[in-house]
Amino acid sequence: MDLPTLPELYKNLFKAYSPQGWWPIQGVYEKHNNHIRVLTEKERFEICLGAILTQNTAWKNVEKSLAALQKHDLLDPQKLERRDMQKLALLIRSSGYHNQKAKKIRAFLDFLKNKKSISQPITRENLLSVWGIGPETADSILLYAYHQPVFVVDAYTKRILGRMGLVEKDADYELVRSLLESAFASKTEQEKVKIFNEFHALFVEHAKQYCRTKPLCEQCPLNTSCAKRI
DNA sequence: CGCCAGGTGGGAT
DNA sequence: ATCCCACATGGC
């Protein structure tokens, strides 16, 4: 059993699964002249909301909430701001933790408004200062909405790398992130954005198909390069 | 039915 | 620093 390097793992996953094309909102990541197009403000905002709503929640449930917000023409910070928290919570009910998440969205709206008035750029640091936005949500927003080269580490990433034997099972977020980012340090910023986007999506797909809570190691495409530390 | 889902903040130790 | 828990709906 030989453990792969992270670029090799990326290649192996890429071969095992077809390109995923995230963020999973219709049309966002379709190619334009072989590179991703600039997103509209509305698309960016929708991705930010999705990043908050999907915290510890299946994406399927988030889609319903986003559809409800779209239907009420609320995929816009100024319009959403005028809803009180109770009404907002009701609209996003399907995402679970809806009262908490309504509060988080409210905090994010305050952040956007405040940022505009002092025209601060979006950085990891100032995102992390928002109540309800932790490392994964911040990095999802930076990578998927703002195309900044940060790796989004999630429970699946840690599960897969932990089981394979590439990191300790209880490795913390920042360690795993720096490991993954260092592995592609020689790439250009734009290449990193593409790789980090796709790699994260492949981790999710692999975790759903084989590296589940109860893993299906027998049929797993990475079977021969895994320590199987379940 | 039970388990799990692309986490985070708060409080106790 | 590090554990433990509340937060909640929907799909399988």
Side-chain angles (χ1 to χ4, degrees), chain A residues 9-10 13 17 19-25 28-29 46-69 85-111 124-146 148 150-164 167-177 180-181 193 195-216 230:
Chain A
L9 173 60
Y10 176 57
L13 284 169
Y17 305 93
Q20 300 298 306
W22 274 26
W23 186 272
I25 291 173
V28 165
Y29 275 97
E46 185 174 358
I47 289 168
C48 294
L49 293 180
I52 293 169
L53 292 174
T54 199
Q55 292 173 359
N56 201 40
T57 299
W59 181 254
K60 201 89 190 153
N61 295 348
V62 176
E63 284 180 325
K64 291 184 185 172
S65 299
L66 290 176
L69 292 173
M85 293 238 285
Q86 293 248 332
K87 295 237 179 81
L88 173 56
L90 230 47
L91 285 167
I92 61 171
R93 189 171 172 278
S94 68
S95 299
Y97 310 126
H98 51 288
N99 297 312
Q100 290 274 308
K101 285 172 179 174
K103 208 169 133 193
K104 292 176 181 183
I105 288 170
R106 181 50 61 112
F108 181 65
L109 290 171
D110 288 346
F111 162 74
R124 197 175 140 83
E125 218 169 58
N126 61 31
L127 277 175
L128 285 174
S129 74
V130 179
W131 187 89
I133 298 188
E136 186 186 334
T137 308
D139 291 340
S140 288
I141 290 172
L142 290 171
L143 179 66
Y144 290 107
Y146 292 90
Q148 293 187 37
V150 294
F151 205 104
V152 180
V153 176
D154 62 1
Y156 292 155
T157 310
K158 288 193 203 168
R159 180 200 290 172
I160 292 167
L161 295 180
R163 284 177 174 173
M164 289 188 79
V167 303
E168 295 300 314
K169 302 222 72 155
D170 53 4
D172 77 23
Y173 190 97
E174 291 305 322
L175 173 77
V176 179
R177 182 168 77 89
L180 284 156
E181 290 180 5
V193 170
I195 292 167
F196 295 169
N197 179 332
E198 188 62 26
F199 204 164
H200 175 73
L202 288 166
F203 274 134
V204 174
E205 194 58 25
H206 182 54
K208 285 181 176 168
Q209 292 205 27
Y210 298 98
C211 209
R212 307 179 178 182
T213 312
K214 289 181 168 179
L216 308 175
I230 312 302

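Below, chains carry the letters A, B, ... as their sequence lines are ordered, and counting in each starts from 1. It should be emphasised that the depicted structure is a prediction, and the values quoted were computed from it without experimental measurement.
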> Hey, is A:E174 close enough to A:R177 for a salt bridge, meaning N to O under 4.0 Å?
Replying inline: yes

> At under 4.0 Å, does any side-chain N or O of A:N99 touch on OP1 or OP2 of C:dA8?
Replying inline: yes

> Whole Å only: how far is the CG atom of A:L175 from the P atom of C:dA1?
Replying inline: 15 Å

> Going through the distances and angles, do A:L49 and A:L66 end up as a side chain to side chain contact (heavy atoms under 4.5 Å, CB included)?
Replying inline: CA-CA 8 Å; A:L49 293 180; A:L66 290 176; 4.1 Å; yes

> Can you tell me if A:T57 and A:K101 form a side-chain donor-acceptor pair at under 3.5 Å?
Replying inline: yes

> Which comes earlier along DNA chain C counting from the 5' end, the contact point of A:D172 or that of A:T57, where each point is its nearest nucleotide?
Replying inline: A:D172

>> Please enumerate all residues that pass side chain to side chain contact (heavy atoms under 4.5 Å, CB included) together with A:L175, with sequence neighbours excluded.
In response: A:A171, A:D172

> Do A:N126 and A:S129 have a side chain donor and acceptor closer than 3.5 Å?
Replying inline: no

> Please give, in whole Å, the distance from B:dG7 P to A:K158 NZ?
Replying inline: 10 Å

>> I'd like to check the ring-ring contact (aromatic ring centres under 6.0 Å, His included) partners of A:Y17; sequence neighbours left out, ordered by chain and number.
In response: A:H206

> Does A:F151 have any ring-ring contact (aromatic ring centres under 6.0 Å, His included) partners at least two apart in sequence or in another chain, and if so, which?
Replying inline: A:F196, A:F199

> How far, in whole Å, is C:dA8 from B:dG10 if one measures between their P atoms?
Replying inline: 14 Å

> Rounded to the Å, how far apart are A:K169 NZ and C:dT2 C1'?
Replying inline: 19 Å

>> Can you measure A:F108 atom CZ to B:dG7 atom P for me and round it to whole angstrom units?
In response: 18 Å

Atom pairs under 3.5 Å, N or O on each side, protein against nucleotides 10-12 of chain C: can you list them with distances?
from   : atom 1 : to    : atom 2 : distance (Å)
C:dG10 : O4'    : A:N61 : OD1    : 3.2
C:dG10 : O4'    : A:N61 : ND2    : 3.2
C:dG11 : OP1    : A:K64 : NZ     : 2.4

> Who are the side chain to side chain contact (heavy atoms under 4.5 Å, CB included) partners of A:K64, not counting sequence neighbours?
Replying inline: A:S94

> Do any side-chain nitrogens or oxygens of A:R159 fall under 4.0 Å of OP1 or OP2 in B:dA5?
Replying inline: yes

> To the nearest angstrom, how far is A:D154 atom CG from B:dA5 atom C1'?
Replying inline: 11 Å

Please list each protein N or O that sits under 3.5 Å from an N or O in nucleotides 8-13 of chain B, with the distance.
from   : atom 1 : to     : atom 2 : distance (Å)
B:dT8  : OP1    : A:G134 : N      : 3.0
B:dT8  : OP1    : A:G134 : O      : 3.1
B:dT8  : OP1    : A:E136 : N      : 3.4
B:dT8  : OP1    : A:T137 : N      : 3.0
B:dT8  : OP1    : A:T137 : OG1    : 2.7
B:dG9  : OP1    : A:G132 : N      : 2.9
B:dG9  : OP1    : A:I133 : N      : 3.4
B:dG9  : O3'    : A:W131 : NE1    : 2.7
B:dG10 : OP1    : A:W131 : NE1    : 3.2

> Do you know which two heavy atoms are closest between A:L88 and A:A102, and how far apart they sit?
Replying inline: CD2-O, 3.9 Å

